[in-house]
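See structure below.
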There are 2 protein chains.
Amino acid sequence: MNIGDAAAASGISAKMIRYYEEIGLIARADRTASNYRTYSMEAVHSLRFIRRARELGFSLEETATLLKLWADKSRTSAAVKSVASAHVVELERKIAALQDMLATLKHLVDGCDGNERPDCPILNDLAGEGQRACCHGEHDATQKET
Amino acid sequence: MNIGDAAAASGISAKMIRYYEEIGLIARADRTASNYRTYSMEAVHSLRFIRRARELGFSLEETATLLKLWADKSRTSAAVKSVASAHVVELERKIAALQDMLATLKHLVDGCDGNERPDCPILNDLAGEGQRACCHGEHDATQKET
DNA sequence: CCTTGACCTTCCCATGATGGGAAGCCTTAC
DNA sequence: GTAAGGCTTCCCATCATGGGAAGGTCAAGG
C-alpha cells in the first residue's frame, strides 16, 4: 500500500502522513526498493486513530500520548481518562472564552443600526469611547486615558 | 513616548507593535535622531483599538478593515455591522464545533471507569472499534477492515 | 521500446499571531 | 565613566497544515 492509498484509507493527507513520521508520531514506514513508503492495514489503523483524536480536538502531543496508551496493553483506563479529562477542561475553557466574545459582540451588533450613517456603537466600543458595556456596567471599565 | 511606554499604555507588547507596523496594520512610527520609535497618544489610541478588536476575536485582517472604517468619517454603520456580523457567524461556527467535540468527549469520559484496568471506551472510540456513538448508531460505520 | 500521466521522493516556503533571544546601540542616573 | 536598562534589527520557534518545484518511478498503451 503506497502513501496515497493509505491517505485515502485513513482520511489523512499524504503530506501529513510524512510529517507525522518526521516528528515521530508514527513509526518510520518501510520502503520499497525504489524508496516508496509502504503501509500495512495496521499502520492505516493507527492513522485512523490519529484522525479521530484530531477530530476530537486533541493536539498532536496529546494524540501521541493516547497512541502510546493504546499500544500499551498494561495501561490503566485512569491514565487515558486523565488525558481526556484535561482536554475536556481545555475545551470548556475555550468555549467559555468564545462565548464571552460572542455575547459582547452580539450586543454591539444588536445596537448598531446598520444604515448609511457613520454612527456606530461597534466602533465606539473598539475605540473605548463608550466605556464598554454601555447599559449594564460590568466587565472592567479601566480604559479611560489621554 | 517610546515603544515601551506605548506598550504599557496600550496593553500590546513592544514586539507586537513592531510587527503591526511591519505588516502595515499601523503607520510607520516617527523616529528620534537615534532611531527610536516615538508614539503619540493618538497612536496609543489606535493600539488600544486593535487590542480591543483582538479581545473580541477579530483577526488582524478584520482588525485592519475596522481600523480603516474607524478612520473613514464617511463610513456607513452598515459596513461596520457587516464585518462584525460575519465574525459573529464565525464565532458561532467555532463554538458549535467545539461543543460537538466536547459532547462526544464527555460521553466517552463518562463511560470510562478510570481505574487500574486497561479497558477503556475512550481508546475504543479512537480505535474505531466501537463503531463510534455506541448507543445510537449514526455517523459512518465504515471502518472495519484487515 | 518509448511515451505519457499519475504517482512517489525530498526540500523549501507560507500561513497567523505571538514570544524568545542575541548582538549591538542609546540613554539615564549615579 | 560606568552600569543598568531600553531600544534597534535579525533570526528562530511555535502548531498543524498546505503549496509547489525538481526529479525519480511505475503502469498502461501505442
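Below, read A as the first sequence line, B as the second, and so on, with proteins coming before strands; counting in each chain starts at 1. What you see is a predicted model, and the numbers here were worked out from it, not measured in a lab.
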Measure the shortest side-chain to side-chain distance between A/Phe49 and B/Leu123 over non-hydrogen atoms and say whether it is less than 4.5 angstrom.
yes
Looking only at side-chain N and O atoms, does A/Thr32 come under 4.0 Å of OP1 or OP2 in D/dT25?
no
5' to 3' contact window, DNA chain C with chain B (heavy-atom distance under 4.0 Å):
C/dA17 to C/dT27
Earlier contact from the 5' end, DNA chain C, for B/Arg54 and A/Ile3:
A/Ile3
Take the protein atom CG of A/Leu60 and the nucleotide atom P of D/dT14, then report the distance between them rounded to whole Å.
13 Å
Any Lys/Arg nitrogen of A/Arg18 or A/Glu22 sitting under 4.0 Å from an Asp/Glu carboxylate oxygen of the other?
no
Could you identify which residues of residues 14-24 of chain A place a heavy atom less than 4.0 Å from some atom of DNA chain D, listed by residue number, or say none?
A/Lys15, A/Met16, A/Tyr19, A/Tyr20
Less than 4.0 angstrom between a side-chain N/O of A/Ser34 and OP1 or OP2 of D/dC26, yes or no?
yes
A/Met41 and A/His45, any side-chain heavy atoms less than 4.5 Å apart:
no
How about A/Leu102 and B/Lys94: do any of their side-chain heavy atoms sit closer than 4.5 Å?
no
So with a 6.0 Å cut-off around CD of B/Glu61, is the heavy-atom count from everything else above 12?
no
I need the minimum non-hydrogen distance between B/Ala7 and B/Ala14, along with the two atoms involved.
CB-N, 3.7 Å
Does B/Thr65 reach the side chain of B/Phe58, with side-chain heavy atoms less than 4.5 Å apart?
no
Is the shortest side-chain heavy-atom distance between A/Asp72 and A/Lys68 below 4.5 Å?
no
Strictly below 4.0 Å: does A/Arg51 bring a side-chain N or O up to OP1 or OP2 of D/dA16?
no
